[in-house]
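In what follows, a single structure is set out as structure tokens and then discussed.
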There are 2 protein chains.
Amino acid sequence: MYSNQQKEIALFAKVFGHPARVAILQQLFKMDTCYCGDLSEEIGLAQPTISQHLKELKNLGLIKGTVEGVKVCYCIDNENWSKMKVLLHKFLDQDIPKADCC
Amino acid sequence: MYSNQQKEIALFAKVFGHPARVAILQQLFKMDTCYCGDLSEEIGLAQPTISQHLKELKNLGLIKGTVEGVKVCYCIDNENWSKMKVLLHKFLDQDIPKADCC
DNA sequence: AAAATATATCGTAATATTGCAATGAAACAA
DNA sequence: TTGTTTCATTGCAATATTACGATATATTTT
């Protein structure tokens, strides 16, 4: 029904479609350390909720987590983030400057 | 709880988070004429469903529709599309090339 | 005026998402 | 070993989304 490209764009966009996940990603970009527990405090959602959002981001490959003792260090997966950017830029930049048709 | 910027990013991303709306937008970019009814046939969803998706896109200002007799001509709102692009690019491009932290 | 066409809206069923308390699991500390 | 800390998972209630048939509305045609 939809092309693979359309489905991929929608999948990535959907994961950005919740402010909690936007906040998580911005925090991961901002911080050098990126322990999961800090996100819960910083953002103000319960730990299971954060964990659930992290899981979705991880499933799409946008972040990765490394166990460090009792803690888990999360961070952006730069390679996959770049791939996602190419896809979304292609979608966002498909407009050619011209007058609106109506 | 979230910044206005975070909420705005999420709102725009959410509307791209469904393949039907991605398909509609791609079609609007591709076609010169952009009558609503054609979208239903082209994409393969019932007319009320397309109409509903168009409404969401219109509510965010990304498209606009002009009544032309019995038909309605939809098209991208280039000005708002550009504004949205600035916002999303800022979000997508916040990464600085560096090694993953973990 | 009546019929036809194109779109919007309503109502509703099916499904998905969100948030969190409770609990489980794994690593560390005492 | 026992307790503590950190994170993941489960279960569930509340809410949102999606799709579409039925219907309403508006315009054009006959």
Side-chain angles (χ1 to χ4, degrees), chain A residues 1-2 6-25 27-28 31 33-75 101-102, chain B residues 1-2 6-25 27-28 31 33-75 101-102:
Chain A
M1 176 142 193
Y2 303 109
Q6 287 166 342
K7 284 186 264 188
E8 256 202 342
I9 291 170
L11 276 181
F12 281 119
K14 182 147 82 171
V15 92
F16 298 143
H18 193 288
R21 290 187 291 264
V22 171
I24 287 174
L25 289 166
Q27 192 69 14
L28 290 185
M31 304 282 284
T33 62
C34 38
Y35 293 115
C36 160
D38 301 334
L39 291 168
S40 180
E41 276 189 28
E42 185 72 30
I43 295 176
L45 287 174
Q47 175 265 323
T49 307
I50 294 289
S51 200
Q52 190 175 316
H53 286 305
L54 287 171
K55 189 179 177 183
E56 292 181 61
L57 291 167
K58 210 165 108 184
N59 284 342
L60 273 181
L62 293 176
I63 65 172
K64 50 188 173 183
T66 308
V67 178
E68 287 187 7
V70 168
K71 296 188 173 186
V72 175
C73 176
Y74 277 100
C75 61
C101 79
C102 48
Chain B
M1 175 143 194
Y2 303 109
Q6 287 166 341
K7 284 187 263 188
E8 257 202 341
I9 291 171
L11 276 181
F12 281 120
K14 182 147 79 171
V15 91
F16 298 144
H18 194 289
R21 290 187 290 264
V22 172
I24 287 174
L25 290 166
Q27 192 69 14
L28 289 185
M31 304 281 285
T33 63
C34 39
Y35 292 115
C36 159
D38 301 335
L39 291 167
S40 179
E41 277 189 26
E42 185 72 32
I43 295 176
L45 286 173
Q47 176 266 323
T49 308
I50 294 290
S51 199
Q52 193 174 314
H53 285 306
L54 286 170
K55 189 179 177 183
E56 292 182 60
L57 290 167
K58 210 166 108 184
N59 283 343
L60 272 182
L62 293 176
I63 66 173
K64 49 187 171 182
T66 309
V67 178
E68 288 188 6
V70 168
K71 297 187 170 186
V72 176
C73 176
Y74 276 101
C75 61
C101 81
C102 50

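Within every chain, numbering begins at 1; the chains are lettered A, B, ... in the order of the sequence lines, protein sequences first and strands thereafter.
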| Contact boundaries on DNA chain C for chain A, cut-off under 4.0 Å to non-hydrogen atoms |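 Footprint of chain A along DNA chain C, 5' to 3': C:dT17 to C:dC28.
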
Would you name the heavy atoms of [X] and [Y] that are closest together and state the gap between them?
X	Y	answer
A:L39	A:Q27	CD2-CG, 3.5 Å
B:C34	B:C75	SG-CB, 3.7 Å
A:C73	A:E68	CB-OE2, 3.7 Å
A:S40	A:I50	CA-CG1, 3.7 Å

| task | Enter the distance from A:L25:CG to A:L57:CG here, rounded to the nearest 0.5 Å. | result |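 Reported to 0.5 Å precision, the distance equals 5.0 Å.
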
| field | Atom pair NZ/NZ of A:K7 and A:K14 - distance to nearest 0.5 Å | value |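 Here the rounded value is 12.5 Å.
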
Residue list, side chain to side chain contact (heavy atoms under 4.5 Å, CB included) with [X], at least two apart or on another chain:
X	value
A:V72	A:V67, A:Y74
B:A13	A:F16
B:Q52	none
A:A20	A:H18, A:L45, A:H53, B:Y2

| message | Give the residues of residues 40-53 of chain B touching DNA chain C, defined as any heavy atom closer than 4.0 Å, sorted by residue number. | response |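 Residues of residues 40-53 of chain B that come under 4.0 Å of DNA chain C are, in numerical order, B:Q47, B:P48, B:S51.
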
| Going by heavy atoms closer than 4.0 Å, what residues in residues 6-20 of chain B are next to DNA chain D? |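 Output list: B:K14, B:H18.
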
| A:E56: what forms a salt bridge (Lys or Arg N to Asp or Glu O under 4.0 Å) with it, not counting sequence neighbours? |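 Checked A:E56 against salt bridge (Lys or Arg N to Asp or Glu O under 4.0 Å); matches are A:R21.
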
Atom pairs under 3.5 Å, N or O on each side, protein against nucleotides 27-30 of chain D: can you list them with distances?
none

| task | Could you tell me which residues satisfy side-chain hydrogen bond (donor to acceptor under 3.5 Å, both in side chains) with A:E42, sequence neighbours excluded, listed by chain and number? | result |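 Testing A:E42 for side-chain hydrogen bond (donor to acceptor under 3.5 Å, both in side chains), a comparison that skips the adjacent residues, returns none.
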
